[in-house]
There are 2 protein chains.
Amino acid sequence: MMKIGELAALAKVSRDTLRFYEKHGLITPGLRSEAGYRLYSETDVRRIGFIIGAKEVGFTLNEIHQLLELEVTKDEKSCHDIKHFVDAKITIVNQRLAEIKRIKKSLQTLSDACCGGDEPATHCTILEALSEQTN
Amino acid sequence: MMKIGELAALAKVSRDTLRFYEKHGLITPGLRSEAGYRLYSETDVRRIGFIIGAKEVGFTLNEIHQLLELEVTKDEKSCHDIKHFVDAKITIVNQRLAEIKRIKKSLQTLSDACCGGDEPATHCTILEALSEQTN
DNA sequence: TATAACCCTAGAGTGCAGTCTAAGGTCAAT
DNA sequence: ATTGACCTTAGACTGCACTCTAGGGTTATA
Ligand SMILES: [Zn+2]
Ligand SMILES: [Zn+2]
Ligand SMILES: [Zn+2]
Ligand SMILES: [Zn+2]
């Protein structure tokens with residue numbers, strides 16, 4: 001049984017974050033010490049691990065909520081359901097990736113066209129390009 | 001001289017967005033009609049164009065603020081300054097890109113390992129993997 | 001016994017980029 | 001004269017994921 005500070009240190013998040021997760025239903029409020037301190041069991045610790053892990057692979061807290069529901073009811077769900085969930089997320093991530101690549105390309109084009117010299121920027125191609133309506 | 005609705009339609013943003021930009025100092029409040037309607041000059045329209053363009057290449061409103069300052073004082077600034085600004089942004093974008101690629105890879109690995117079958121997900125490798133502490 | 005280091009709560013604040021609401025004024029056309 | 005489409009304002013609300021504050025209680029150590 002660990003207190004919030006220990007778990008926070010272990011999971012590398014703040015105490016506030018842990019309380020925030022609880023308030024938003026990602027962790028179910030569990031045991032308390034006599035003084036009212038939160039006490040986390042091994043199961044709780046694993047659950048936090050799940051949340052951190054899912055966050056690390058790019059799920060939002062909302063999605064983690066849904067994932068946790070899948071996890072809790074995993075005998076009623078199939079691998080198909082869960083894989084589908086992950087694949088849907090991959091689609092979103094792919095869109096974000098394409099968007100960022102586009103942005104990078106635009107910025108690179110902008111940068112490449114600029115002479116980078118020390119004269120006044122009155123002729124700067126970057127400022128010119130940004131002034132032009134693209135749509 | 002165009003009214004806010006016309007400019008909004010032209011720039012494909014909402015009237016509210018235009019007023020929001022004004023409130024946050026991205027556009028300087030300009031002429032008004034007798035009735036108090038905002039009237040946008042060619043210069044204003046070009047300035048909005050700059051903002052939209054910069055947004056499209058991935059600058060935040062804060063960064064656009066700085067860019068606009070560079071633009072306004074471009075005879076005191078050099079191409080070097082402006083290129084530096086863009087290059088700093090490219091570095092940030094590259095970091096976001098790497099992060100998203102990492103996330104995509106993780107999700108793909110997760111998805112690939114799951115059988116996707118119709119049996120109960122009690123054995124699902126996705127749920128197992130997420131439960132494991134990565135750090 | 002005092003001090004530090006921890007814990008609790010409710011609720012407010014942050015940053016981003018808008019979006020919406022209420023309550024009203026204006027303009028063109030029927 | 002009355003629609004309807006447009007314009008004005010201040011200020012509240014959204015979603016995301018925290019982060020901080022105030023005002024207290026508890027526990028370990030010197
Ligand atoms: Zn130059
Ligand atoms: Zn230049
Ligand atoms: Zn399976
Ligand atoms: Zn599976």
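Keep in mind it's a predicted model, so treat the numbers as computed, not measured. Labels below follow one simple rule: chain letters A, B, ... track the order of the sequence lines, proteins then strands, and each chain is numbered from 1.
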Visitor: With heavy-atom distances below 4.5 Å as the criterion, would you say the side chains of A:Leu127 and B:Phe50 are in contact?
Guide: yes

Visitor: In the structure I gave you, are the side-chain heavy atoms of A:Leu130 and B:Val57 within less than 4.5 Å of one another anywhere?
Guide: yes

Visitor: Is the closest basic N to carboxylate O distance between A:Arg102 and A:Glu99 below 4.0 Å?
Guide: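 Yes, A:Arg102 and A:Glu99 are salt-bridged.
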
Visitor: If we only count heavy atoms from C-beta on, is the A:Met2 to A:Val45 side-chain gap below 4.5 Å?
Guide: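 Result yes, sub-4.5 Å side-chain heavy-atom pair found.
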
Visitor: Any residue in residues 94-103 of chain A with a heavy atom nearer than 4.0 angstrom to DNA chain C? Just list them by number, or reply none.
Guide: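 None - not one residue of the stretch has a heavy atom sitting under 4.0 Å from the strand.
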
Visitor: Which nucleotide span of DNA chain C, 5' end to 3' end, has atoms closer than 4.0 Å to non-hydrogen atoms of chain A?
Guide: C:dC6 to C:dT9

Visitor: Got a salt bridge between A:Glu22 and A:Arg32, using NZ or NE/NH1/NH2 to carboxylate O under 4.0 Å?
Guide: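 The answer is yes: the pair qualifies as a salt bridge.
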
Visitor: Within the side chain of A:His24, is there an N or O that forms a donor-acceptor pair under 3.5 Å with the backbone of A:Phe20?
Guide: yes

Visitor: Is there a side-chain contact between B:Cys124 and A:Lys83 in this structure, where contact means two heavy atoms from C-beta onward sitting under 4.5 Å apart?
Guide: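 In short, these two side chains do not touch, never coming nearer than 4.5 Å.
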
Visitor: In residues 27-38 of chain A, what residues come within less than 4.0 Å of DNA chain D, judged by heavy atoms?
Guide: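 Hits under 4.0 Å, by residue number: A:Ala35, A:Tyr37.
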
Visitor: With a 4.0 Å heavy-atom cut-off, tell me which residues in residues 15-25 of chain A come close to DNA chain C, sorted by residue number.
Guide: A:Arg15, A:Arg19

Visitor: Quiz question: by atom type and distance under 3.5 Å, do the side chains of A:Asp44 and A:Ser41 form a donor-acceptor pair?
Guide: yes

Visitor: Hey, could you give me the OG/CD1 distance between B:Ser131 and A:Ile48, rounded to the nearest 0.5 Å?
Guide: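 Nearest 0.5 Å value for the OG-CD1 distance: 12.5 Å.
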
Visitor: Can you list the residues that meet the salt bridge (charged side-chain N to carboxylate O under 4.0 Å, His left out) rule with A:Arg19, with sequence neighbours excluded?
Guide: A:Asp16

Visitor: Going by distance alone, is a donor N or O of one side chain under 3.5 Å from an acceptor N or O of the other, for A:Asn62 and A:Gln66?
Guide: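 The answer is no; no qualifying pair exists.
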
Visitor: Taking distance alone, no hydrogens or angles, what donor-acceptor pairs closer than 3.5 Å link side-chain atoms of residues 67-76 of chain B to residues at least two apart or in another chain?
Guide:
residue: B:Thr73; atom: OG1; partner: B:Glu69; partner atom: O; Å: 2.7

Visitor: Hey, which sits more toward the 5' end of DNA chain C by its nearest nucleotide, B:Ser14 or B:Lys3?
Guide: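 In this pair, the answer is B:Ser14.
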
Visitor: May I ask you to verify if any side-chain N or O of A:Lys55 is less than 4.0 angstrom from the OP1 or OP2 atom of D:dC16?
Guide: no

Visitor: Can a donor-acceptor pair be found between the side chains of A:Thr109 and A:Ser106 at a distance below 3.5 Å?
Guide: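 A:Ser106 and A:Thr109 do not have a side-chain donor-acceptor pair below 3.5 Å.
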
Visitor: Quickly work out the B:Leu7 CG to D:dC6 P distance and round it to whole Å.
Guide: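 Checked: the CG to P distance equals 15 Å.
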
Visitor: Starting at the 5' end of DNA chain C and moving along, which residue's nearest nucleotide shows up first, A:Glu6 or B:Asn62?
Guide: A:Glu6

